[in-house]
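Every heavy atom of this structure was used, including side-chain atoms; hydrogens, water molecules and symmetry mates were not.
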Amino acid sequence: MSTDTRPVRVRFAPSPTGDLHVGNIRTALFDWAYARHTGGQFIFRIEDTDRERVTDEYIQAAIDTLKWLGLTWDEGPEVGGPYGPYLQSQRLDIYAEWAAKFLAQGDAYYCYCSSDELEERREAQRKANVAPGYDGKCRTIAPEDLARYIAEGRKPVLRMRMPDGSTTFTDSIRGEVTFDHNFVPDFVLVRGDGSPLYTLAVAVDDVLMKVTHVLRGEDLLSSTPRQIRVYQAMGVKPEEYPTFAHLPFVMGQDNAKLSKRNGEVSIAWYRDRGFLPEAICNYLALLGWSPGEDRENVTMQELTELFTVERVHSSPARFDMKKLEAINGDKIRLLSLEDLLNRSLPFLQKANVIDGTDAEIAVVKSALPLIQERIATLAEVVPMLRFLFATKFEVDPDSAPKIQDEQSQAVLAKTNEVLQAIVDWDHATLESVLRVALIEEMGLKPRIAFGAVRIAVTGSHISPPLFESMELLGRERSLERINSAIK
RNA sequence: GGCCCCGUCGUCUAGCGGCCUAGGACUCUGGCUUCUCAAGCCAGCUACGAGGGUUCGAAUCCCUUCGGGGCUACCA
């Protein structure tokens with residue numbers, strides 16, 4: 001990509017037939033990072049030529065997802081730009097114009113073959129062990145046949161004529177790639193109803209929008225010769241073609257391509273579970289790329305500084321939830337208290353743990369430092385802090401039996417006794433008093449003694465540090481819970 | 001089937017002919033620390049798919065083979 005001297009223009013052009021998923025976002029992230037790294041423009045274009053499958057909701061969701069991740073675009077929906085519109089469904093007249101030109105030039109031709117006829121011939125090709133694909137039947141049509149087709153009311157598609165020979169291009173990630181045209185059949189540019197197909201729209205738009213670099217999924221690698229064929233028909237000089245870089249796949253937990261079956265792939269799913277956008281980006285950046293030097297944790301800023309296509313792999317990567325969680329935990333620990341608070345509050349409110357009053361927020365703010373290093377996702381603040389706000393407190397069913405025994409009951413009785421006498425209800429006092437009473441006097445192991453108190457007070461054997469928790473809970477509620485745990 | 005792409009620990013990766021008895025991270029196992037859970041620290045397990053070449057020397061270059069994936073639509 002270094003030989004290219006044009007100002008860099010990269011586009012991310014999803015077809016929103018569903019929520020943007022992990023693979024799409026990894027592509028968007030690399031597109032964005034490359035544009036930012038080179039000081040070029042990042043273009044966001046919606047490929048909605050297939051209106052049967054693309055919906056407005058998905059388009060909006062795609063816009064929201066990119067925004068949430070912080071992948072801001074210079075041209076595209078909402079911000080506009082000099083080469084708009086950026087929704088292909090609003091550019092239909094442009095594609096029609098070029099299609100007409102290709103037809104007039106003889107690069108394209110009308111094909112009247114019906115779907116059934118094509119399917120039949122494809123089947124025959126398969127049986128004969130011949131490369132399947134359009135056989136070029138309609139390249140020439142006898143006048144009487146044409147008259148018959150028209151009389152039958154057939155609506156023709158427009159096909160691109162692939163000349164003999166081959167197409168070779170240099171992929172920045174894979175090197176030189178060649179496709180023999182024997183395996184690139186005449187492809188459809190315009191449907192029978194007059195609407196354009198991806199193959200036409202993508203090429204026309206990349207040229208018209210002056211895109212210089214196309215970084216996209218590996219699945220589009222074999223469609224590149226078709227795209228180049230359209231450039232040729234448009235009269236674009238080879239040196240003005242975009243540079244292609246086909247990114248390796250991101251695969252699911254098992255082996256195959258990412259799908260809903262093996263783990264959640266929609267970015268919205270991760271957002272709702274408390275994953276940080278910067279953690280998702282950092283993790284995704286590591287799939288197919290690496291900053292080198294044994295480095296992994298990078299900020300968005302560092303990502304744009306370090307990202308180069310040369311360091312992108314050619315082999316596919318598997319998505320690993322565990323590693324994402326680990327990185328998310330790292331990022332959470334890096335957050336300032338204020339930032340962590342603002343990001344946690346929506347989760348607590350949504351779970352009805354708090355209403356959002358100032359008093360509640362103050363408590364959350366005091367409690368957050370206690371759990372910051374104990375959570376891997378923001379959603380985990382909910383089970384961690386619920387005990388501080390429970391109006392009807394109940395001990396967790398799994399933990400309840402653990403404080404029924406004689407020893408635990410003795411611990412709770414003793415705890416109640418010594419704490420009644422305490423004046424200063426702060427964690428330091430609580431700890432020293434309970435250490436004397438339970439560890440020294442009763443001779444119990446700390447984990448046994450404090451474990452019982454923990455369950456009684458927080459309702460679970462897993463909680464933030466005990467004494468700090470009791471301080472936050474307050475004297476009244478703490479003693480109340482200890483008492484109600486005593487039979 | 002055909003065409004194309006890919007192949008280093010379980011996973012993500014470093015490596016671009018000697019620094020590799022292959023490094024880091026996640027996971028897992030053991031230990032330390034410890035009021036639980038985490039975090040942190042220490043240790044351990046585990047990899048160049050296979051076979052041929054080229055070379056003084058190959059994870060790194062070439063070939064074959066095996067394996068995985070993609071495409072093969074009036075989807076993108």
Side-chain angles (χ1 to χ4, degrees), chain A residues 13-15 17 47-50 52-54 111 113-115 118-119 122 125-134 155-159 171 173-174 177-180 182-185 187-193 195 197-199 201-202 216-225 246 248-249 251 253 255-257 283 286-297 310 313-327 329-330 333 371-376 380 384 431 434-435 438-439 445-451 453-455 458 460-467 469:
Chain A
S15 178
T17 54
E47 310 232 318
D48 55 347
T49 50
D50 185 356
E52 304 252 314
R53 298 168 63 216
V54 176
C111 168
C113 297
S114 70
S115 302
L118 291 172
E119 186 49 48
R122 259 198 296 271
Q125 286 169 326
R126 247 185 276 273
K127 275 193 183 133
N129 216 353
V130 178
Y134 189 67
K155 295 268 184 266
V157 300
L158 188 69
R159 271 186 201 279
D171 184 285
I173 294 170
R174 288 151 215 284
V177 183
T178 298
F179 286 88
D180 191 303
N182 287 326
F183 310 108
V184 185
F187 56 96
V188 178
L189 294 166
V190 181
R191 292 187 180 86
D193 66 4
S195 64
L197 268 88
Y198 164 81
T199 23
V202 71
R216 58 178 5 173
E218 186 193 332
D219 49 336
L220 271 344
L221 184 61
S222 51
S223 86
T224 308
H246 288 92
F249 282 117
M251 303 197 295
Q253 309 269 23
N255 44 343
K257 214 177 156 187
Y283 173 65
L286 265 19
L287 261 28
W289 176 82
S290 145
E293 296 173 351
D294 292 341
R295 208 127 91 82
E296 286 203 330
N297 195 319
E310 286 68 35
H313 265 234
S314 49
S315 52
R318 246 149 303 259
F319 184 84
D320 181 12
M321 182 76 84
K322 282 277 203 298
K323 180 119 182 180
L324 205 211
E325 284 172 0
I327 289 178
D330 287 342
R333 270 166 244 129
I371 63 167
Q372 185 160 16
E373 67 182 24
R374 291 162 214 278
I375 55 174
E380 288 171 38
M384 276 290 196
E431 176 163 8
L434 287 179
R435 273 194 190 280
L438 306 179
I439 312 305
K445 288 201 159 131
R447 61 180 301 135
I448 303 292
F450 298 147
V453 181
R454 177 188 314 284
I455 290 171
T458 72
S460 169
H461 65 281
I462 299 172
S463 82
L466 179 60
F467 310 110
S469 295

Upstream residue (5' side of RNA chain B) when Pro446(A) and Cys111(A) are each assigned their closest nucleotide: Pro446(A)
Residue-phosphate contact under 4.0 Å: Thr49(A) side-chain N/O, A76(B) OP1/OP2: yes
Spacing of the P atoms in U34(B) and U21(B) (rounded, Å): 41 Å
Pair assignment for G44(B), Watson-Crick or G-U wobble, requiring both distances under 3.5 Å: C28(B)
Tyr134(A) OH - A73(B) C1' separation (whole Å): 14 Å
Touch class at under 4.0 angstrom, heavy-atom based, for Leu220(A) against every strand present: base
Distance in angstrom units between His246(A) NE2 and A76(B) C1', rounded: 12 Å
Base versus backbone protein contacts along nucleotides 36-47 of chain B [heavy-atom cut-off under 4.0 Å; B, S, -]: BBBS--------
Contact letters for nucleotides 1-7 of chain B, in which S counts primed atoms plus P, OP1 and OP2 and B counts the base, heavy atoms under 4.0 Å: BSSSBSS
Base paired to C71(B) (Watson-Crick or G-U; both N/O distances under 3.5 angstrom): G2(B)
U13(B) OP1/OP2 closer than 4.0 Å to side-chain N/O of Arg295(A): no
Proximity to the side chain of Glu47(A) - top-ranked nucleotide from U11(B), A76(B), U13(B): A76(B)
Sugar-phosphate only, base, or nothing, as touched by Arg159(A) at under 4.0 Å among non-hydrogen atoms: sugar-phosphate
Glu325(A)/Lys322(A) salt bridge by N-O under 4.0 Å criterion: no
Flag for Ser195(A)-Arg191(A): side-chain donor and acceptor within less than 3.5 Å: yes
Distance, P atom - from U8(B) to G44(B), rounded to whole angstrom: 25 Å
Pair partner, U21(B) [Watson-Crick or wobble, under 3.5 Å]: none
Watson-Crick or G-U wobble mate for A38(B), both contacts under 3.5 Å: none
Rounded distance in Å between the C1' positions of U60(B) and G23(B): 15 Å
Nucleotide nearest Glu296(A) when distance is taken to its side chain, options C74(B), C75(B), C12(B): C12(B)
Shortest non-hydrogen separation from Thr49(A) to Leu197(A) and the atoms involved: OG1-C, 4.3 Å
C71(B) and C45(B), which share atom name P, separated by this distance in whole Å: 41 Å
Atom pair OG/CZ of Ser223(A) and Phe179(A) - distance to nearest 0.5 Å: 8.5 Å
Sugar-phosphate, base or nothing in reach of Val188(A), heavy atoms under 4.0 Å: sugar-phosphate
Phosphate-side-chain proximity, Arg435(A) and C35(B), N/O vs OP1/OP2 below 4.0 Å: yes
For atom OH of Tyr198(A) and atom C1' of U72(B), their distance in whole Å: 16 Å
No-hydrogen, no-angle side-chain donor-acceptor test under 3.5 Å, Ser314(A) and Arg174(A): no
G-U wobble or Watson-Crick pairing nucleotide for U55(B) (cut-off 3.5 Å, both distances): none
Tyr134(A) six-ring centre to Arg159(A) NZ/CZ under 6.0 Å and within 45° of normal: yes
Touch class at under 4.0 angstrom, heavy-atom based, for Gly288(A) against every strand present: sugar-phosphate
G15(B) and G7(B), which share atom name P, separated by this distance in whole Å: 14 Å
Options A25(B), C74(B), U13(B), nucleotide nearest the side-chain atoms of Leu118(A): C74(B)
Closest non-hydrogen atom pair between Gly192(A) and Val157(A), with its separation: N-CG1, 3.6 Å
Sugar-phosphate only, base, or nothing, as touched by Gly192(A) at under 4.0 Å among non-hydrogen atoms: base
Exercise: identify the closest heavy-atom pair between Leu221(A) and His246(A): CD1-ND1, 3.2 Å
Mate of C66(B) where both pairing distances stay under 3.5 Å, Watson-Crick or G-U: G7(B)
Distance-only donor-acceptor test, Glu293(A) side-chain atoms vs G24(B) base atoms, 3.5 Å: no
For the student: nearest non-hydrogen atoms of Pro464(A) and Arg454(A), plus distance: O-NH1, 3.3 Å
Same-atom distance (P) from C63(B) to C6(B), integer angstrom: 12 Å
Interatomic distance where CZ belongs to Phe319(A) and C1' belongs to U27(B) [whole Å]: 15 Å
Heavy-atom pair of closest approach, residues Gln125(A) and Gly133(A): NE2-O, 2.9 Å
Separation of Lys445(A) NZ from Ile439(A) CD1 (nearest 0.5 Å): 11.0 Å
Polar side chain donor-acceptor pair, Arg216(A) to Thr224(A), under 3.5 angstrom: yes
Whole-Å P distance, C35(B) and U13(B): 41 Å
Euclidean distance, atom CD of residue Glu431(A) to atom P of U34(B) [Å, nearest integer]: 12 Å
Whole angstrom value for the distance that separates P of A22(B) from CG of Asp294(A): 15 Å
Distance, rounded to the nearest Å, where Leu287(A) contributes CG and C26(B) contributes C1': 12 Å
Distance in Å, Ile375(A) CD1 paired with Glu380(A) CD, rounded so as to fall on 0.5 Å steps: 6.5 Å
Gap in Å between the two C1' atoms, one belonging to G51(B) and one to G67(B), rounded: 14 Å
Rounded interatomic separation in angstrom, taking NZ from Lys322(A) and P from C9(B): 20 Å
